Amino acid sequence: MGSFSNYLENKLLDHVFMKTAFSQPSYIYVALSTADPGEDGSGLSEPSGNGYARVQTSGSDWNNASGGHIDNAVDIEFPEATGDWGTITHFALLDADTGGNLLAYGSLSQSKTIGSGDTAKFKAGDLDITLD
């Protein structure tokens, strides 16, 4: 289960309390991490090279929020690994395909080692985000 980052919590609070407008991102990018990104994203440790790339999602790729919870409506599949990506322990949602701001993050229910020829995938409904 994932939760919002400090960045997004602050942006939403400022928006709700009329301090500043918050523009939604054009896309949300799903990333994998071999470490806990943390509330501020400083611990994000994405695989490098070997075919790794964040996966771009749009609004139609997510179910409507209900009860403070949202999840993916479709499978989110990463490119096939052409080499070792390491042991993936966490995911992150960001507002850019590289760099960008961390929006949400969470730990996997089970760590997964990704090697050459493997394909990482979140089946529909498996990537859960809640408000904390």
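Note that this is a predicted model, so its numbers are computed, not measured.
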Between [X] and [Y] (side chain of the first, backbone of the second, donor and acceptor by atom type, cut-off under 3.5 Å), is there such a pair?
X	Y	answer
S33	S45	yes
D118	G115	yes
N50	A81	no
H15	F22	yes
D71	D126	no

With rounding to the nearest 0.5 Å, note down the distance linking [atom1] in [X] to [atom2] in [Y].
X	Y	atom1	atom2	value
I129	S3	CD1	OG	7.5 Å
L102	F4	CG	CZ	11.0 Å
N6	N101	CG	CG	12.0 Å
N72	K123	CG	NZ	12.0 Å
T119	E80	OG1	CD	5.0 Å
Y29	Q56	OH	CD	4.0 Å

Could you work out, with side chain to side chain contact (heavy atoms under 4.5 Å, CB included) as the rule, every residue matching [X], not counting sequence neighbours?
X	value
L13	F17
L108	I88, F91, F122
P25	I28, D95, L103

Identify whether [X] and [Y] are in the same connected component of the hydrophobic contact network (ILVMFWY, side-chain heavy atoms under 4.5 Å).
X	Y	result
I70	V30	yes
I114	F78	yes
L131	Y7	yes

Do [X] and [Y] have a side chain donor and acceptor closer than 3.5 Å?
X	Y	value
T87	T113	yes
E39	Y105	yes
S111	T89	no

Using side-chain heavy atoms (C-beta onward) and a distance below 4.5 Å, is I76 in contact with D61? no

For K121 and D75: C-alpha separation, side-chain torsions, deciding distance, then whether salt bridge (Lys or Arg N to Asp or Glu O under 4.0 Å) applies. CA-CA 7 Å; K121 175 170 69 172; D75 290 353; 3.7 Å; yes

Between [X] and [Y], what is the shortest heavy-atom contact and its length?
X	Y	value
R54	A96	NH1-O, 2.7 Å
D84	G86	OD1-N, 2.9 Å
A92	P37	CB-CG, 4.4 Å

Would you please classify the geometry between the W85 ring and the Y52 ring as parallel, tilted or perpendicular, with 30° and 60° separating the classes?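 Geometry flag for W85 against Y52: perpendicular rings.
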
